[in-house]
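Working notes, beginning with the structure itself.
Each chain gets a letter, A, B and so on, in the order its sequence line appears, and its residues count up from 1. Hydrogens, waters and symmetry mates play no part in the numbers below; they use all other heavy atoms, side chains included.
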Amino acid sequence: MTTLTLAKALNEGLRRSMEDDSKVLVMGEDVGKLGGVFRVTDGLQKDFGEDRVIDTPLAESGIIGTAIGLALRGYRPVCEIQFDGFVFPAADQLITQLAKMPLRSLGKVRLPVVVRIPFGGGIGAVEHHSESPEAYFTHTAGLRVVACSNPADAYTMIQDAVRCDDPIIFFEPKRRYWDKAEVDLMAAGVPLDRARVVRQGSDVTLLAYGPMVKTCIEAAGAAEQEGRSLEVIDLRSLSPLDMDVVAGSVERTGRCVVVHEAPVFTGFGAELAARISERCFYHLESPVLRVGGFSTPYPPSRLEDHYLPDLDRVLDAVDRAFTY
Amino acid sequence: MTEPAATLVRLPRAADEDLDLLLLIRHFELALLDLFGRGELNGTTHTCVGQEYVPVALRRLLGETDYVFSNHRGHGHYLARFDDPEGLLAEIMGREGAVCNGVGGSQHILRDRYVSTGVQGESLPVATGAALHLKRTAPGALACVYIGDGTWGEGAVYEALNLASLWRLPLLIVVEHNGIAQSTPTARQMAGTVRSRAQAFGVRHHGIETSDLNAIRHELAPLVAEVRFEGRPLVVEFVTHRLGPHSKGDDTRPPEVVEHARARDWYGLYAEAHPEQFARADEAQRARVAAIVQDVSARPLSGWDPCA
């Protein structure tokens with residue numbers, strides 16, 4: 001076991017992927033010499049060379065498009081989008097080409113492209129640097145969308161993503177980059193498309209992914225002192241969605257609260273709430289409740305603590321789940 | 001660029017093989033318009049009537065290891081790459097034997113190293129990536145991408161030009177400048193010129209104003225060789241004419257503009273210059289396409305198993 005930050009775990013995972021397969025490339029803005037704004041690609045260019053760790057111009061559409069062209073015959077590019085809010089210039093390539101080409105060719109063309117996106121707030125940055133755009137991509141058929149929440153998962157999930165033959169949007173919880181944990185560098189980890197129960201409980205199911213997993217674990221700890229037992233599920237994969245783990249939990253607890261940083265309105269939680277009501281209707285003691293950001297642009301950094309869901313807002317929703 | 005007076009000059013004789021292909025594409029496109037008129041086709045399509053000579057001229061300059069990225073007006077590009085009018089018509093009609101099982105339709109074809117997409121400009125960054133791939137794994141091969149004059153309004157074009165020039169990639173950008181972007185004439189949608197835009201990125205530009213296949217090949221052969229072997233991306237701008245509508249029934253041009261284009265159509269010019277060779281080939285390709293239409297129309301609908 002080794003103690004790693006989440007950023008370093010990703011770095012180690014990428015390094016191992018590059019060692020295992022010479023077709024793996026890393027490309028993006030400032031990923032080479034600088035090692036990325038969050039140092040996730042630190043040292044990779046030095047060790048693997050400028051041909052495999054490519055510093056690109058500021059051109060998100062060009063980066064993703066080039067990656068598609070490289071992937072058409074054998075390369076496995078890992079693209080970094082520097083901040084969540086910078087992904088939109090690449091939307092055309094992601095939605096119209098990357099997601100659709102494999103489907104249109106009936107799977108004859110595989111595009112093993114990983115698009116890494118640091119997402120979410122909590123680091124005192126501004127809008128365009130603190131957003132949670134996951135629902136745009138889960139809405140797009142043909143893309144896998146995953147989010148890691150801790151160093152051990154980050155290490156295995158990035159390697160699994162690189163090995164996967166499908167295009168993947170890989171969300172990294174920006175404010176958890178510096179969280180440390182023990183990582184088993186030899187472990188295989190939970191499969192990429194599986195959710196994981198990270199804390200068992202019996203009264204309410206908390207569903208989260210990325211940065212909110214830690215918030216939910218803390219909320220469950222606080223609730224325990226008040227005599228409530230909360231189960232916390234880290235979804236890990238948003239698309240495809242592991243509904244068996246979700247439904248298995250909600251059918252036991254009868255109550256569910258979904259937590260994400262993205263705005264509640266038509267956020268990913270809306271899909272979860274709808275699916276749970278469809279599948280677990282007769283087990284539910286209360287409606288599925290959602291905790292998330294507000295329908296505003298991401299606020300100035302001094303206000304972000306008011307915007308982001310925290311322990312109190314999660315526990316408030318848990319309380320409300322018992323009022324029905 | 002200026003009006004192509006050269007196209008009014010008597011066209012020299014073309015090889016039978018080239019003329020057959022020109023006429024195959026012409027009759028294929030006319031057949032599509034006819035099928036649409038009779039309600040036999042679904043969706044939409046864009047025909048390249050008037051522009052057939054561009055991919056036919058380039059055919060001899062491209063090889064099997066080269067990539068071709070086509071656009072919404074791509075039937076000619078496909079037929080110049082593959083002698084497969086049956087597969088293309090089946091694709092457009094959603095019949096058995098379709099290139100992509102009928103999933104792609106008129107403007108989204110994937111076959112070997114041929115890729116088309118209808119969204120303007122978005123194939124350029126992908127072609128750039130393919131060119132980078134070729135530079136590393138198959139030196140001497142290139143990625144060719146067809147775009148139009150309207151495409152130059154899209155930002156993705158410039159990201160790709162920058163990357164291709166910066167990384168010295170074997171990228172050949174073929175511009176079919178037909179003077180009109182759907183319904184908007186070039187003068188209303190493009191500031192400056194294609195040439196100056198290419199040059200701003202240090203990318204060479206070459207203009208073609210003739211539909212003489214041999215002359216085009218002669219001019220382009222050394223330039224294309226430099227794309228292949230010296231990693232010098234190239235923009236080739238054809239001044240050409242779209243005789244038909246953008247899609248169907250949406251031609252907003254005044255009659256005199258269309259007439260002007262018709263007067264420069266290679267089809268009429270060639271028929272006038274070489275009547276005997278032309279008449280024979282024209283009739284043969286007309287009959288070939290008619291037979292293909294009959295064959296493909298009678299086939300069952302294409303199917304696919306999404307779980308296969």
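Looking at Phe69(B), only its side chain comes within 4.5 Å of chain A, counting heavy atoms on both sides. Only the backbone of Val99(B) has a heavy atom closer than 4.5 Å to any heavy atom of chain A. For Leu163(B), the part sitting under 4.5 Å from any heavy atom of chain A is the side chain, from C-beta outward, and nothing else. For chain B, no part of Leu111(A) is nearby; none of its heavy atoms comes within less than 4.5 Å.
The number of heavy-atom neighbours closer than 6.0 Å to CZ of Arg275(A), taken from other residues, nucleotides and ligands shown, is 12 or below. At most 12 non-hydrogen atoms from other residues, nucleotides or ligands lie less than 6.0 angstrom from CD of Glu50(A). No more than 12 heavy atoms of other residues, nucleotides or ligands shown are found within 6.0 angstrom of OH on Tyr136(A). Heavy atoms from other residues, nucleotides or ligands lying under 6.0 Å from CZ of Arg194(A) number 12 at most. Around atom CD of Glu64(B), no more than 12 heavy atoms belonging to other residues, nucleotides or ligands sit under 6.0 Å away.
Under the 4.5 Å side-chain criterion, counting only non-hydrogen atoms from C-beta, Cys100(B) is not in contact with Leu106(A). Contact of the Lys108(A) side chain with the Leu110(B) side chain is not registered, since no non-hydrogen atoms from C-beta on lie closer than 4.5 Å. Counting heavy atoms from C-beta on, the side chains of Leu72(A) and Arg113(B) never come closer than 4.5 Å. When side chains are defined from C-beta on, Lys100(A) does not count as touching Thr117(B), because their heavy atoms never get closer than 4.5 Å.
Between chain A and the options Val103(B), Leu124(B), Thr137(B), the largest number of non-hydrogen pairs under 4.5 Å is found for Val103(B). Among Thr66(A), Thr56(A), Ile54(A), the residue with the largest count of heavy-atom pairs under 4.5 Å with chain B is Thr66(A). Per-residue heavy-atom pair counts under 4.5 Å with chain B were compared for Asp92(A), Ile68(A), Val109(A), and the maximum is reached by Asp92(A). When each of Val119(B), Asn162(B), Thr128(B), Leu166(B) is scored by its heavy-atom pairs under 4.5 Å with chain A, the top score falls to Val119(B).
Side chain of Gln97(A) to main chain of Glu122(B): a donor-acceptor pair is present (N/O by atom type, distance under 3.5 Å, no hydrogens or angles).
Between the NZ atom in Lys135(B) and the CG atom in Asp51(A) there is a gap of 9.0 Å [rounded to 0.5 Å]. Going from atom CG of Asp112(B) over to atom CZ of Arg73(A) covers 6.5 Å, rounded to the nearest 0.5 Å.
The two residues Pro125(B) and Gly62(A) come nearest to each other via the heavy atoms CB-CA, 4.0 Å. Minimum heavy-atom separation, Leu70(A) to His133(B): CD2-N, 3.7 Å.
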